[in-house]
Amino acid sequence: MITDPEVFHETRLPRELLHRDSETSQLSRILKPAVSGHYPEDALITGPSGVGKTVLARFLLDNPQQPTAVATTHIRALGMTCGDLLREAINDHPSGTTVHRGTPTADLPQILQELVDDPYLLIIDEADDVPETDALDMLAGVPEVATIVIAHDADDWFARVDSRYRSRFDGDHHIRLTRYTATELADILEPRAEFGLESGAVSREQLVTIGNIVAGVARRGIQTLRWAAKIAENQDHDAITDRDITDGRARAQTEIRESNLRSLPYHHHVLYELIRAHDTLESSKLHDSYEAIQEHAYAKNRPQHPISRRARRTKLDKLREYDLIDWTEHEDNSRMYRVIDASIASEFDIPLTPLGR
DNA sequence: TATCCACCGGAATTTATGGAAG
DNA sequence: CTTCCATAAATTCCGGTGGATA
């Protein structure tokens, strides 16, 4: 069934960007000065997750098929401070100069300025929470450096960045990506089916179905197709069935949640498992049971210690952000927690009942 | 009605961690 | 080994909200 798993890899760049013609030429125009050795210009790329923001930037700047001469670094900025950002920009620059964690943040602009002669582009990916204004302040004295910022919500991003920088990312310099239509996404999936699957494994009609059930999110479409093919393979089907597609989508979703949970530290797991042990759990009950089991859940050989209520709330926010739990608000300010998919278990072995019960 | 309590979440403050240089 | 610097995570403090109780 699957002849080339490579085709479905997250980091794989397509040979051409279908249905992104205007966006591609828009970014090319912005990059023009940089390519011809002049001071580079900034850009902002926004849109929901999984519709190709990173792919668009990489397609033009980090593409083995058509390399550009412009020095570029790709920074996954999620949760970074502006010091981190500058340090990574310095360390990734081809000049070879490196800088360590303890270097005063205030010294970094000077160091960067001394090492760049030619245009240097920073792709700041997942920039939703980074303090852009601070970073732009620090880059202000280095005209050879420009940033390609990738974020989800344009309004959010503009609200956070100081007004004196906004014009550099607005108008022609702002590229908005939207979800694909079902048929557009089918067009995108088609070459992957052609090169990654046996011929005849999936019909055009089914690709459109996938486009519909993933609501035009390309990343989810590709993973759904991959899982549908895997499932069809396991079931010895000659071709992918409609049922395989439904199951494939569910499997793809589970996979994301599992990897989300794995990526979280121990505290989150304790809270998650407490909620998972019930259908629904009220906030007061959740805190009570946490306090009841904390002695055992945080045994002596564990480096972590039980955390305060306030810190628990932060963990719960994170669990919800990762689509692992949800809650409904009560009129009395409390909440009713529940897990989204109770079949997903923590890999930690967490004792949920105090001894003697 | 006035007071108390539990909860949420923003902000300020403290604590823990880790790499590098002296 | 100690000191320095930056940073993440946790605690402390607090104002706002709304139900329960006297």
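Just so we're on the same page: letters track the sequence lines, and every chain starts at 1.
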Heavy-atom distance under 4.5 Å between the side chains of [X] and [Y], does that happen here?
| X | Y | result |
| --- | --- | --- |
| A:Ile75 | A:Asp125 | no |
| A:Pro14 | A:Arg192 | yes |
| A:Glu144 | A:Asp117 | no |
| A:Glu184 | A:Leu18 | no |
| A:Leu112 | A:Leu139 | yes |
| A:His269 | A:Phe348 | yes |

Quick one: do the A:Gln26 and A:Arg29 side chains pair a donor with an acceptor below 3.5 Å?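 Result is no, nothing qualifies.
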For A:Thr11 and A:His9, which I'm curious about, is there any donor-acceptor pair between the side chains at under 3.5 Å?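 Absent: no donor and acceptor within the cut-off.
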Under 4.0 angstrom between [X] side-chain N/O and [N] OP1 or OP2:
| X | N | result |
| --- | --- | --- |
| A:Lys315 | C:dA9 | no |
| A:Thr314 | C:dA9 | no |
| A:Ser308 | C:dT11 | yes |

Atom-to-atom span, [atom1] of [X] to [atom2] of [N] - whole angstrom:
| X | N | atom1 | atom2 | result |
| --- | --- | --- | --- | --- |
| A:Met336 | B:dC7 | CE | P | 13 Å |
| A:Ile307 | B:dT15 | CD1 | C1' | 15 Å |
| A:Arg309 | C:dC13 | CZ | P | 16 Å |
| A:Tyr290 | C:dA10 | OH | C1' | 11 Å |
| A:Glu282 | B:dA6 | CD | C1' | 11 Å |
| A:Tyr266 | C:dA9 | OH | C1' | 18 Å |
| A:Glu291 | B:dA6 | CD | P | 12 Å |
| A:His267 | C:dT11 | NE2 | P | 8 Å |

Taking ILVMFWY side chains as joined if any heavy atoms are under 4.5 angstrom apart, and letting links pass through other members, which residues group with A:Ile123?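 When side chains under 4.5 Å apart are linked, the cluster holding A:Ile123 also contains A:Leu13, A:Leu17, A:Leu27, A:Ile30, A:Leu31, A:Val35, A:Ile45, A:Val51, A:Val55, A:Leu56, A:Phe59, A:Leu60, A:Leu61, A:Val70, A:Leu121, A:Ile148, A:Ile150, A:Ile175, A:Leu177.
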Could you work out, with salt bridge (Lys or Arg N to Asp or Glu O under 4.0 Å) as the rule, every residue matching A:Asp187, not counting sequence neighbours?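 Once residues adjacent in sequence are excluded, the partners of A:Asp187 under the salt bridge (Lys or Arg N to Asp or Glu O under 4.0 Å) criterion are A:Arg204.
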Heavy atoms only, 4.0 Å cut-off, all strands: where does A:Pro265 land among base, sugar-phosphate and nothing?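 The answer is nothing, as A:Pro265 stays clear of every strand by at least 4.0 Å.
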Measure all distances between protein nitrogen or oxygen atoms and nitrogen or oxygen atoms of nucleotides 9-12 of chain B, and list the pairs falling under 3.5 Å.
from	atom 1	to	atom 2	distance (Å)
B:dG9	OP1	A:Arg335	NH2	2.9
B:dG9	OP2	A:Arg335	NH2	2.5
B:dG9	N7	A:Arg310	NE	3.2
B:dG9	N7	A:Arg313	NH1	2.3
B:dG9	O6	A:Arg313	NH1	3.4
B:dG10	N7	A:Arg310	NH2	3.0
B:dG10	O6	A:Arg310	NE	2.9

Polar atom pairs (N or O), protein with nucleotides 14-20 of chain C, under 3.5 Å:
from	atom 1	to	atom 2	distance (Å)
C:dT17	O2	A:Asn333	ND2	2.4

Those residues that, when tested against A:Ser284, pass side chain to side chain contact (heavy atoms under 4.5 Å, CB included) (two or more places apart):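 So A:Ser284 forms a side chain to side chain contact (heavy atoms under 4.5 Å, CB included) with A:Glu282.
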Evaluation steps, side-chain contact (heavy atoms from CB on, under 4.5 Å), between A:Thr147 and A:Leu136: CA-CA 9 Å; A:Thr147 56; A:Leu136 291 169; 4.2 Å; yes
For the helix from B:dT1-C:dA22 to B:dG22-C:dC1, figure out the bend between the end axes, five pairs an end, and round to 10 degrees.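 Here the local axes at opposite ends form an angle of 30°.
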